[in-house]
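One structure below.
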Amino acid sequence: MLPRYHQSIGKVELVVAGAGPSGLAVAERVSQAGYKVCVIDPSPLAAWPNNYGVWVDEFRAMGLDDCLDHVWDRAEVFLDSSPSGLKHLARPYGRVDRAKLKRKLLQRCVAHGVVFQEARVEEVVHADGSSQITCSDGTRIPGCMVLDATGHARKLVEYDKPFNPGYQGAYGILAEVESHPFPTDAMLFMDWRDEHTASNLQMQESNRKLPTFLYAMPFSKTRIFLEETSLVARPAVPFLELKQRLEARMAKYGIKIKAIEEEEYCLIPMGGVLPRLPQRTLGIGGTAGMVHPSTGYMVARMLGAAPVLADAIVEQLCAASDAAAQSHLPPGAVTESDADRLSAAVWHSIWPVERIRQRAFFSFGMDVLLSLDLTETRQFFAAFFALSDHHWQGFLSARLSFLELIGFGLSLFAKSSNEARLNLLVKGVPGLVGMLAGLTGTIGYEKRLLGKKEQIR
Ligand SMILES: Cc1cc2nc3c(=O)[nH]c(=O)nc-3n(C[C@H](O)[C@H](O)[C@H](O)COP(=O)(O)OP(=O)(O)OC[C@H]3O[C@@H](n4cnc5c(N)ncnc54)[C@H](O)[C@@H]3O)c2cc1C
């Protein structure tokens, strides 16, 4: 049983919509600093549905490596079936023990006094320096700040422009099998082989144009997670097609299913415009455009961003209390314009201009990937995995600064074959134009936000 919100609690400092990894990670940290937090979710105790895979170094850096239930010492990539098509990646990969991670975050939330409301968030109204959330059960919860952590539901954050993402689509199964051909000490990061389509010309042709790869986590010789994945497409590759390709692949690899433990339908919006920056409703994770636009990964980036966002919230709540005390107002009472400035400062903590530039580069990467057929995709990844560890690992983990990303792009170009270079030049132009437009949009952005931030302090 979780402690419930009741009307006698009144106004809380932070209302969090969504008890996914990002909502709980922020709630835990803000409550630890002594502030009242209420988390609203229709099923706060339900198991998280997604099968998260992460690079072990990312989770270790956050002290979360005890929340991995299986670790592979290395990863493999098959570009094609030729002997040189197999690449070994010396970077450990893990599957997140999502039950343990959720338990850990919930326990910390409860220990720090977070209260929960079992409902859907319907709407938020900001007025007179305060915010009020209305829930599906009619409950109204007033708060100083509101965080939308509803993932890809994006329930409360607002956009000025149409949301136009690419989509990562995947169909996966966690299954008991008679046997499978993969080593159990390596996870299969990408398998672009396409011999399984040879007997079905229609599938071969559609896979050539809109290629998908196999992502697999072999837990033992007879238990494996298999997922046919479209890295990014617009519109998304339909689930039925992904399922048919996975079945054809399993037949080719001689994998016979004995029992399916879990089925996963994955559709992740990637890239697209950011929400309006700044705005009164705060965001994190899927609501704040944090999915890596070229890979679909988010959980590590978002768990890394949660403390940054939480600390910015705490800093602004402190600033608001100080300002209220100076004006002889009750604690937490702020004017409407002060509340706007508090939110702007928090948004700035997760989207400083350097991050926005980095995202523009990743979106450029996504636009290039959207345009590649199977042959070009193989050429791209042949060059990508020939890069230094600093470059390819840093790119996948969103660790490279914008300048480092330029170096990454030049190295990728240098490592590419002449044919691939020509492709990158021809197919990269629209994305490059988009990136430059995105960068132009950052002019004045930082100054505007910093100007507002200065006034709060
Ligand atoms: C199938 C799948 C597999 C994925 N695999 C990976 C992976 O391997 N690695 C990776 O890094 N990322 C992966 N992702 C990306 C993934 O979306 C994020 O990493 C992560 O789940 C985002 O966390 P979040 O807290 O922002 O949102 P979510 O995990 O989506 O949580 C949102 C929460 O908000 C709640 N909610 C929704 N609407 C409302 C409402 N109106 N009111 C109140 N609460 C609401 C939901 O109940 C949920 O609890 C995957 C995504 C999917 C869909």
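This one's a predicted model, so the numbers in the text were calculated from it and none came from an experiment. Order of appearance sets the numbers: ligands from 1, and atoms from 1 within every ligand. Counting begins at 1 with the first residue of the sequence.
Of all protein heavy atoms, the one closest to atom 29 (O) of ligand 1 is P21 CD, 3.4 Å. The protein heavy-atom contact nearest to atom 4 (C) of ligand 1 is N50 CB, 3.9 Å. Looking only at heavy atoms of the protein, atom 31 (O) of ligand 1 is closest to G20 CA, 3.4 Å. In this structure, atom 17 (O) of ligand 1 lies nearest to the protein heavy atom H152 NE2, 3.3 Å. Among all protein heavy atoms, the one lying closest to atom 5 (N) of ligand 1 is N51 O, 3.7 Å. For atom 20 (C) of ligand 1, the closest non-hydrogen atom on the protein side is Y52 OH, 3.5 Å. Scanning the protein heavy atoms around atom 41 (N) of ligand 1, the nearest turns out to be V121 O, 3.3 Å.
Which of V39, T150, L267, I268 comes nearest to atom 45 (C) of ligand 1 through a heavy atom is settled by distance: it is T150. The option from R120, R301, K155 that lies nearest to atom 38 (N) of ligand 1, judged by heavy atoms, is R120. With distances taken over non-hydrogen atoms, the option nearest atom 24 (P) of ligand 1 out of S43, S22, G285 is S22. Of the options G53, G296, G172, the smallest heavy-atom separation from atom 9 (N) of ligand 1 is shown by G53. With distances taken over non-hydrogen atoms, the option nearest atom 28 (P) of ligand 1 out of A25, A170, G151 is G151. Compare T229, I284, D41, V291 by their heavy atoms: the one nearest to atom 47 (O) of ligand 1 is in D41. For the residues A300, C266, A46, the heavy atom positioned nearest atom 1 (C) of ligand 1 is part of C266.
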**OP:** Any chance you could lay out the ring pair (Phe, Tyr, Trp, His ring centres under 6.0 Å) test for H292 and Y297, step after step, and finish with the verdict?
**Re:** CA-CA 5 Å; H292 192 310; Y297 277 74; 8.0 Å; no
Original post:
Can you list the steps and then say if W55 with F189 is a ring pair (Phe, Tyr, Trp, His ring centres under 6.0 Å)?
Top reply: CA-CA 11 Å; W55 298 105; F189 192 57; 5.1 Å; yes
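For the ligand labelled ligand 1, residue W48 lies outside the 4.0 Å heavy-atom shell.
Taking distance alone, with nitrogen or oxygen atoms compared against 3.5 Å, P42 stays at or beyond that limit from ligand 1. The shortest N or O to N or O distance between M302 and ligand 1 is not under 3.5 Å. For a threshold of 3.5 Å applied to N or O pairs, the pair formed by Y265 and ligand 1 contains no separation below that value. Ligand 1 has a nitrogen or oxygen under 3.5 angstrom from a nitrogen or oxygen of M298. In terms of N/O distances under 3.5 Å, ligand 1 is not approached by A17.
Only the backbone of I40 comes within contact range of ligand 1, with a heavy atom under 4.0 Å; no side-chain atom does.
Side-chain atoms of N207 come within 3.5 Å of backbone N or O of T212 as a donor-acceptor pair. Side-chain N or O atoms of T139 include none that pairs as donor or acceptor with a backbone N or O of C135 at under 3.5 Å.
Under a cutoff of 6.0 Å and an axis angle of 45°, R359 and F362 do not form a cation-pi pair. Cation-pi geometry between R95 and W48 is not satisfied (NZ or CZ under 6.0 Å from the ring centre, within 45° of the ring normal).
Under the 4.0 Å criterion applied to side-chain N and carboxylate O atoms, D97 and K102 are not assigned as salt-bridge partners. At a threshold of 4.0 Å, the pair D148-K155 does not count as salt-bridged, since none of the basic side-chain nitrogens sits closer than that to a carboxylate oxygen. Ionic pairing of K100 and D69 is not present here: no N-O contact between side-chain nitrogen and carboxylate oxygen is shorter than 4.0 angstrom. Under a 4.0 Å N-O distance rule, the pair E228/R245 does not qualify as a salt bridge.
Test E261, H180, E176 against R223 for side-chain hydrogen bond (donor to acceptor under 3.5 Å, both in side chains) and you get one pass: E261.
A donor-acceptor pair shorter than 3.5 Å can be found between the side chains of S81 and E195.
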